[in-house]
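Encoded as structure tokens, the structure appears first; notes follow it.
Throughout, protein chains are lettered first and strands after them, A, B, ... in sequence-line order, and every chain is numbered starting at 1.
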Number of protein chains: 2
Amino acid sequence: MDHPDPQAKPYHHGDLRRAILDAAERMLAEEGLEAVTIRACARAAGVSPAAPIHHFGSLRDLLAVLAARGFGQLVARLDADLSQSGHQGDRALVGAYVAFALSAPRMFDLMWREDVLNPAQAELVAARSLALGRLQFHSQTAIGEGDARLRAIRSWSLAHGLATLLLHGRIVTALGGPGTGLETKEDFAALAYDLMFVRG
Amino acid sequence: MDHPDPQAKPYHHGDLRRAILDAAERMLAEEGLEAVTIRACARAAGVSPAAPIHHFGSLRDLLAVLAARGFGQLVARLDADLSQSGHQGDRALVGAYVAFALSAPRMFDLMWREDVLNPAQAELVAARSLALGRLQFHSQTAIGEGDARLRAIRSWSLAHGLATLLLHGRIVTALGGPGTGLETKEDFAALAYDLMFVRG
DNA sequence: TCCGCTAACTAAACAATGTATAGATTACGC
DNA sequence: GCGTAATCTATACATTGTTTAGTTAGCGGA
């Protein structure tokens, strides 16, 4: 029998590493971080629990590689939004950052969950430093007064804080809600943009 | 034998609920959130694993009650710092908020970890809404231009984002470090204050 | 003072998890 | 073709949260 049975799955998967990551990404988006376990990934790919361990070393490293994907997606989103935007530098940056967080909330959360992933994993370190460098670059293309470093910290903090609080539902609970003009994702991205104009 | 043996621990603890919470708070601060398990709390209090369940219902509820303590501590800190501060309203608020996060990093993290605690737990709901109401109050005592609601969202977002990024060590990695004037907790609290003066 | 009720707690068990170990299978370079 | 290394399975272990059934003791009322 040298003609392979199309029903029988091969002993070697062929691209198991990617398949596991794809399954993990889908489970993260649809079922949440807690659903992403070694055994669930193995089940989704139809392999034994030890197979993902072989490719990633541990769950912490698997999640780190997954978060690296997230930082890549963030960079793609920032570059896309900022290239075709009439807005300027740091102000548009805040809107794009918040828009990404709202469009991929669980991935955004994972990217900062250093308790559950291995923050020193090589792919993650590379993807994260690239993304943060890009953030710093965009925040400094704007013309403005004062220390450029302070402006960068302010932009990033404002964007990160607003995104985080929005994902927790706290801003809607405390200040928004039906009839307040803060309902859709677009409202919040616009809010982020507006915040950059509020004077201290 | 009606005189109790001082060596023998009684079957009934007397104040087990508080003892469990105290143990959990200590373990959280010293060993991290992952060390706070039902079984570890039970071991620390010298009881069986089912005893904490009886008092709290589940680990998610135990952590929620613990987070409620955290919100109480935040309120105490805000009130203390803002009463004896020459600074005004929302600007001092940001500094005090960041100072709290840096002084109790793991508690601050837990307070927003709605995946691991029960966000609808009664004590937590009460303590959180009280704390957030106080935040809103302080942010609006300042005189300033523009929409008061926007100013409140901006203050809170800036404080929360800066605190979160500082705890992740990202700002130090990206922008601070030795020789940059950003090293101690006080430097960062001052940074938070300064950020409120940066113009958009 | 004793009785009964109820809260507080124990003991034991279950399913699920991460991961280590040893072995089986297959691809691939020489 | 053959040996080696990569890939994957089977099995096992310790740990976790939680459930169930049963034990102990504090406490109010007769």
Provide, to the nearest angstrom, the distance between the CD atom belonging to B:E34 and the P atom belonging to C:dG18. 13 Å
Could you check which of D:dT9, D:dT20, C:dC9 has an atom nearest any side-chain atom of B:A51? C:dC9
Over how many whole Å does the gap from A:F56 atom CZ to D:dT7 atom C1' extend? 14 Å
Aromatic ring proximity, centroids under 6.0 angstrom, A:Y97 and A:H138: no
May I have the distance from A:D61 (atom CG) to C:dT19 (atom C1'), rounded to whole angstrom? 13 Å
For atom CZ of A:R17 and atom P of D:dA6, their distance in whole Å: 15 Å
In terms of side-chain heavy atoms of A:P49, which of C:dA11, C:dA20, C:dT19 is nearest? C:dT19
Tell me if the side-chain of A:R39 makes a donor-acceptor pair with the base of C:dT19, cut-off 3.5 Å, by modelled atom types. yes
With respect to the side chain of B:S48, which nucleotide from C:dT10, D:dC8, D:dT9 is positioned closest? C:dT10
For the backbone of B:L117 and the side chain of B:R60, can you confirm whether one donor and one acceptor N or O come within less than 3.5 Å of each other? yes
Closest to the B:I53 side chain: C:dT10, D:dT19, D:dT9? D:dT19
Can a side chain N or O of B:R43 be found less than 4.0 Å away from OP1 or OP2 on D:dT16? yes
Can you tell me if the side-chain N/O atoms of A:H55 get under 4.0 Å from OP1 or OP2 in D:dC8? yes
Selection from C:dT21, C:dC9, C:dG18 that lies nearest to any side-chain heavy atom of B:V47: C:dC9
Minimum-distance nucleotide (side-chain atoms of A:S58 versus D:dT9, C:dT10, C:dT19): C:dT19
Separation of atom CD1 in A:I20 from atom C1' in D:dC8, rounded to whole Å: 10 Å
Regarding B:E34 and B:R106, does a basic nitrogen lie under 4.0 Å from an acidic carboxylate oxygen? no
Would you please test A:R26 and A:D22 for salt bridge (charged side-chain N to carboxylate O under 4.0 Å, His left out) and show each step? CA-CA 6 Å; A:R26 184 179 46 78; A:D22 290 344; over 6 Å; no
State which of C:dG18, D:dT18, C:dT10 makes the closest approach to the side chain of A:I38. C:dG18
Touch class at under 4.0 angstrom, heavy-atom based, for B:T37 against every strand present: sugar-phosphate
State yes or no: do B:W156 and B:L130 share one hydrophobic cluster built from I, L, V, M, F, W and Y residues joined by side-chain heavy-atom distances below 4.5 Å, directly or via other members? no
Provide, to the nearest angstrom, the distance between the CZ atom belonging to A:R60 and the P atom belonging to C:dT17. 18 Å
Whole-Å distance, B:L59 CG to C:dT17 P, equals 17 Å
Expressed as a whole number of angstroms, how long is the span from B:H54:NE2 to D:dT24:P? 17 Å
